[in-house]
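Here is the structure we will look at.
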Amino acid sequence: MVVPELRSWRAARPRAARIANAVRPRLARAKDAVRPPVARAANAVRPGVARAANALRPPLERAATAAKPQVVRLARAAGPQLARIPRPKTVKTWQYTATAATAGLALAASVVTAAGPWDSTGQRTAERDRAVAMERTGGADHDGASGTAAGAPRPAPSAASVLAALGGGADTVTSAPTGQGLSAVLGPLLKDAALGTRRGAVVVDAASGRRLYGTGADVPLTPASTTKIATAVAALTALGADHRLTTRAALEPDTGELVLVGGGDPTLTARQDAEGWASLRTLADRTAAALKKRGLHKVTLSYDTTLYAGPRLHPIGVNENLAPVTALMADEARTDDSASGPALRVSDPEADATRRFAAFLKADGIRTTAPGPSKATNRAESLATVSSPPLSALVERMLTNSDNDIAEALARQTALASGERADFDGAGKAVADRLKQLGLPLKGARFHDGSGLDRADRLTANLLTALLVTAGDRSHPDLRTVLTGLPVAGFTGTLTSRYTDGAAGIVRAKTGTLSGVNTLAGTVVDQDGHLLAFAFLTAGTTDPGLAQSALDRTATALAGCGCH
């Protein structure tokens, strides 16, 4: 289990403020004392500085030109967050210095994040390196390219020695919270009338898996979108973190029919900038090139969605939160430019995607007939393919944005990998079977879909925390993205606008909301640096806003709790 950063800085903040207030007058006096000699020194070195500046200007200009695209992308990415930061009316010199230093550190961290830990598909490579390293005694060696000595890499320093420098020795970490201490803090909060008529709550020590607190722990309740945690664990278990979903164009040798074969990739995109996802434009370009090599400039075009079976429409009916479930769609069948959240969807995603494919082929000099449904035979020759990023990246996107389309696709992919029929019933059975194989507590659990939109789904708080603990277990490295994909309070996904004045950055959790249902499950670091897994499920709520605020207060209380 990964031990996250302790909250030593938060504890040290009052002392830092007192020290700053104490030294400020002395700094002012020192400034007045050193100003004359500094001025004389500046006058003395100014000619040399001018010559050095002239010598450095050409290489600096070249470096600035080379870095400009990265800086522009960084500025665009950081713009919305910077815009939300309130501007003080007056800024003193020492405040400006501290702010500039902080901004410089943030910029450096942003550049490292943009350039280093991500590969071209958006995969968090540091997480994969860690998973690989767990199989050895030391850290990842990056395939020997790091310049280290041959053989097994040397063990990385433990977290304890790093944290000791922040606020004391490693032996200062106290024991985990007690049930009595947690009851005293959480009990009153969970009695809030805003949380409805039924509720279940569990808090677990994520390092040991030991339950620290529970009430209604085994009561099956409607989980809403926290169901996606179970879907993610099942899909990663069935398919592996590196699995990719492939869309292909196949040519029938006898009829010359071109078939666009859906592989169930819900992230296939027709946008100009695919941003690392599988591109329908790229598939068309490759297909056109292959057709021209065969002397073909006009083809009969069809599409194949037979990978999935059963009803395409979710039991909730037509809904802006979910497209018809099909093995072939582009941009989740959205009718606008959005990439997440509710949006109007086209009623025939497969036909819509194929029409876009035909338009791209036409731009490449290939004419097609109006597309219709078909099925590629075993004799069909694959002309071109495009594949999704690894399944781990799809899981992260699903959890961060609470993406229902990805959730239903992953449930069906789990069914296919398990030999079940790829429909709602087969997917539900496959998910349950995979979780049973992991030894998870499934008593009372019911899976009717992968997204949690079906009100007939049932999960317990005990199962949700067990899923989170299992995802962090080093014996299951493929499951790690279940934790890294959880929205970060106050920063990402469905928690972006929550916890802004509470436990921002400390709580990571999956939300769930249906009419009369509010849930929250994730991880939090408490006052003593312990990583806790928690799950709160409520039913019979009447005001979703009040219920959401009550759940946030409960999770925030965990973050500020020593609870001994």
Side-chain angles (χ1 to χ4, degrees), residues 1-17 74 77-86 98-99 101-114 116-118 124 126-127 130 159 162-163 165-167 173 177 185 189 203 206-207 226 229 396-397 399-402 468 471-472 480-511 520-536 548-563:
M1 170 61 63
V2 175
V3 180
E5 181 182 356
L6 295 181
R7 305 175 69 242
S8 305
W9 167 245
R10 181 179 296 177
R13 187 180 298 159
R15 283 176 284 178
L74 178 62
Q81 287 78 10
L82 292 175
R84 290 198 293 268
I85 300 176
T99 302
T102 303
L105 290 172
L107 178 60
S110 299
V111 171
V112 170
T113 300
W118 301 83
R124 290 174 178 163
E127 296 296 347
R130 179 190 178 280
V162 175
L163 296 171
L166 296 175
V173 178
V185 172
L189 292 170
V203 178
T226 53
I229 297 175
E396 286 188 329
R397 175 170 164 177
L399 293 172
T400 300
N401 296 331
S402 197
L468 294 167
R480 180 158 174 72
T481 48
V482 174
L483 298 182
T484 60
L486 293 174
V488 181
F491 288 93
T492 63
T494 54
L495 290 186
T496 299
S497 59
R498 292 168 65 169
Y499 299 90
T500 53
D501 57 353
I506 299 173
V507 171
R508 302 190 67 150
K510 182 72 200 73
T511 58
L520 190 70
T523 62
V524 63
V525 184
D526 75 359
Q527 192 76 259
D528 296 322
H530 290 283
L531 181 65
L532 307 176
F534 67 88
F536 306 134
Q548 174 180 294
S549 296
L551 289 177
D552 289 350
R553 285 194 296 272
T554 308
T556 299
L558 276 179
C561 178
C563 295

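Quantities reported herein were computed from a predicted structural model and do not represent experimental measurements. Reckoned from all heavy atoms, side chains included, excluding hydrogens, waters and symmetry mates.
- Residues L483 and G472 come closest through the heavy atom pair CD1-CA, 3.6 Å.
- Judged purely by atom type and a 3.5 angstrom limit, T400 uses its side chain to pair as donor or acceptor with the backbone of G485.
- In this structure a side-chain-to-backbone donor-acceptor pair under 3.5 Å is missing from S402 to L399.
- I506 approaches V525 most closely through the heavy-atom pair CG2-O, 3.4 Å.
- At a threshold of 4.5 Å between non-hydrogen side-chain atoms, the residues L558 and F536 count as touching.
- Closest of all the heavy-atom pairs between A489 and A503 is CB-O, 3.7 Å.
- Scanning all heavy atoms of the two residues, the minimum distance from G490 to A504 falls at CA-CB, 4.4 Å.
- For N401, there are no side-chain hydrogen bond (donor to acceptor under 3.5 Å, both in side chains) partners at least two apart in sequence or on another chain.
- Within the 4.5 Å cutoff, the side chain of T484 has heavy atoms near those of the E396 side chain.
- Of the residues listed (T554, L468, V507), the one engaging F534 in a side chain to side chain contact (heavy atoms under 4.5 Å, CB included) is V507, and it is the only one.
- The CG atom of D552 sits 6.5 Å away from atom CG of L520, with the distance rounded to the nearest 0.5 Å.
- By the side-chain contact (heavy atoms from CB on, under 4.5 Å) test, S549 is found to be paired with R553, residues two or more places apart in sequence or in another chain being considered.
- Annotation for L486 and A509: closest pair CB-N, 4.0 Å, computed over non-hydrogen atoms.
- Taking T494 as the reference, T511 meet the side-chain hydrogen bond (donor to acceptor under 3.5 Å, both in side chains) condition, with sequence neighbours excluded.
- Side-chain contact between D526 and C563: absent, with no pair of heavy atoms (C-beta onward) separated by less than 4.5 Å.
- Contact between A557 and V185 at its shortest, heavy atoms only, is CB-CG1, 3.8 Å.
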